[in-house]
Amino acid sequence: MQSCSVHHCVLLLLTLTFTTAPVLSAVCSKTVKLHQPVTLSCEYKCSGSVKWSLFNNRDVVFARCDETSCSSLVKGYNMSYDQYQDGDLSLTITAADYRMRNTYSCECGVSEISTVRLSIETVFSAVQVKHDGDLILDLTVPEPVEVIYTSSDSADGERICNVTQHSLQCKAEYTHRTSLRYPELTLRDVTYSDSGRYTIRDTENKEDIRVYSVSVTDDQSGFPVWGIIVMVLILLAVFTGVFIYLKMAPHQEFLKLGRQLQCVDKLVKQSLPRQDQSNKQFIMTGAALKKAEKEIDKLQQQYTHSSKYSEQVSLFCQAKRSELNKYRVQYRSDEGPLLTERDGIIGKMEEVMNSLQQLRGGARREQQVTSSSSTAMDEMEIRVEKHLEEVEKWCGERRVELNDLIQQHRGGAARDLRLVEIKS
């Protein structure tokens, strides 16, 4: 025998008219959503035949099982033979509707095992109706039913209409505004005072079948006019913003490229040697060169795949690298600021000239030459010859570098530089 919770079951003592022994059975309540599957439970190890029928009419059988198989006698009702063998005699309803609301009985042989009352959950619907429009209520279930109206500012409802045998009876204030075309009941010319809750109640089974939450608005869609205006303004603003962005985007990209070219040009100029005010000699740093080279590489890489600016940027970067190469040819930097080689050679040449003047002065005073002055003149002569060798070596290296630079840039470098300056 199936046990039921105290909240859903009522224990009844039933004496079957056509059985040989009384059976104690519990009437359980089972609620399901409309058109959803549901299982009516019945657990009992039955060695004979099992059937599910109406509680108040045992001749109406929906499904049955015996020791060999299970069969369905009404469409939408099923039993499982495997479950039957395990002592599970449950009945499955594939899609419950209002016609299936009833009390069902599970029997093993002549003994009643389980009794289940099937109900359908109340359906709630939100409806918006235009002022002076029609409110249509679906009665859904067979008669008799009643329509109960609860206003928005009240907790108590009142019955406004009754439907029995396709006949409609309504309160006096609703009679001229209601009509029945089964299963639809129509309330015409609704006003704001008709907003509220309309309940369709099955009077025979005392069940609320459907509840309509009705609001009456100025517009059928229920969307206020000012809301539509706001949405139109928002969409207009969005489209305007997109249009402006699409128009300004190319100009903004051009301005961005111009700022990048100016930045790189400034870094290259910062790599120029500058004069040290303390010793009046030109100095330069490797850090400035490296920073300029890094920005040139970054700029060219950024616009490599740009169909619009790739060529212009490439020519610009080539020209700026040529400027940096000129600085490398003229100057050699180690870990910190150094004197230029040109200034060093000029210093050596000035020292040679001074030494030669001293030698000339010493030759005029030949009669006064002593052994010590002769030794000094010999050292000075050696020093002059050494400086002359260094000057000749430096001049030779510069000639080689100059020839390499001429060969490197011959045949187009000057033209590319002019082209970049024009485009910039």
[X] and [Y]: which non-hydrogen atoms are nearest, and at how many Å?
| X | Y | value |
| --- | --- | --- |
| Tyr98 | Glu121 | OH-O, 4.5 Å |
| Tyr182 | Val141 | OH-O, 2.7 Å |
| Val216 | Lys130 | CG1-C, 4.3 Å |
| Val74 | Val61 | CG2-O, 3.7 Å |
| Cys170 | Thr175 | O-OG1, 3.3 Å |
| Arg188 | Asp134 | CA-OD1, 3.3 Å |

Taking the side chain as every heavy atom from C-beta outward, state whether [X] and [Y] have any pair of such atoms under 4.5 Å apart.
| X | Y | result |
| --- | --- | --- |
| Arg321 | Asp297 | yes |
| Phe316 | Val264 | yes |
| Val147 | Leu137 | yes |
| Leu299 | Cys317 | yes |
| Thr178 | Thr186 | no |
| Ser53 | Val60 | no |
| Lys30 | Leu40 | yes |
| Val127 | Val129 | yes |

message: So that I know where these two stand, are Tyr198 and Tyr212 an aromatic pair - ring centroids less than 6.0 Å apart?
response: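 No, the ring of Tyr198 stays outside the 6.0 Å limit from the ring of Tyr212, centre to centre.
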query: Is the gap between the ring centers of Phe62 and Tyr104 under 6.0 Å?
result: yes
Look only at the side chain of [X] and the backbone of [Y], and say whether a donor-acceptor pair between them is shorter than 3.5 Å.
| X | Y | answer |
| --- | --- | --- |
| Trp52 | Leu89 | yes |
| Thr140 | Asp138 | yes |
| Tyr44 | Glu107 | no |
| Ser154 | Ser151 | no |
| Ser69 | Cys65 | no |
| Ser310 | Thr304 | yes |

In plain terms, say whether [X] and [Y] are close enough for a salt bridge, that is, a side-chain N and a carboxylate O under 4.0 Å apart.
| X | Y | value |
| --- | --- | --- |
| Arg58 | Glu112 | yes |
| Arg177 | Asp194 | yes |
| Arg117 | Glu207 | yes |
| Lys45 | Asp86 | no |

Looking at [atom1] of [X] and [atom2] of [Y], how far apart are the two atoms once the value is rounded to the nearest 0.5 Å?
| X | Y | atom1 | atom2 | answer |
| --- | --- | --- | --- | --- |
| Ile148 | Arg201 | CD1 | CZ | 3.5 Å |
| Cys161 | Leu187 | SG | CG | 8.0 Å |
| Leu54 | Asn102 | CG | CG | 5.0 Å |
| Ser195 | Asp153 | OG | CG | 10.5 Å |
| Ser41 | Leu91 | OG | CG | 10.0 Å |
| Lys298 | Gln300 | NZ | CD | 14.5 Å |

- request: For Thr150 and Asp156, run side-chain contact (heavy atoms from CB on, under 4.5 Å): C-alpha distance rounded to whole Å, both residues' side-chain angles, the deciding distance at 0.1 Å, then the answer.
  value: CA-CA 6 Å; Thr150 305; Asp156 299 325; over 6 Å; no
message: side-chain contact (heavy atoms from CB on, under 4.5 Å), that's the test. Do Arg64 and Cys70 meet it? Break it down for me.
response: CA-CA 6 Å; Arg64 65 170 73 247; Cys70 290; over 6 Å; no
Residue pair Val145, Ile209: steps toward the side-chain contact (heavy atoms from CB on, under 4.5 Å) verdict: CA-CA 9 Å; Val145 297; Ile209 301 302; 5.7 Å; no
Glu146/Val163 under side-chain contact (heavy atoms from CB on, under 4.5 Å): CA gap, chis, key distance, verdict: CA-CA 6 Å; Glu146 60 183 1; Val163 179; over 6 Å; no
task: Would you please classify the geometry between the Tyr303 ring and the Tyr309 ring as parallel, tilted or perpendicular, with 30° and 60° separating the classes?
output: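 Tyr309 vs Tyr303 ring planes: perpendicular.
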- prompt: So, Gln85 versus Glu67: side-chain donor-acceptor pair below 3.5 Å or not?
  reply: no
query: In terms of side-chain heavy atoms, does Ser90 have a donor or acceptor partner in Asp88 at a distance below 3.5 Å?
result: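 Result is yes, a qualifying pair exists.
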query: Where do Gln169 and Ser167 land on the side chain to side chain donor-acceptor pair (under 3.5 Å) test, with the steps shown first?
result: CA-CA 7 Å; Gln169 298 89 32; Ser167 176; 2.5 Å; yes
- request: Step by step, work out the salt bridge (charged side-chain N to carboxylate O under 4.0 Å, His left out) result for Lys51 and Asp66.
  value: CA-CA 9 Å; Lys51 71 175 183 178; Asp66 57 28; over 6 Å; no
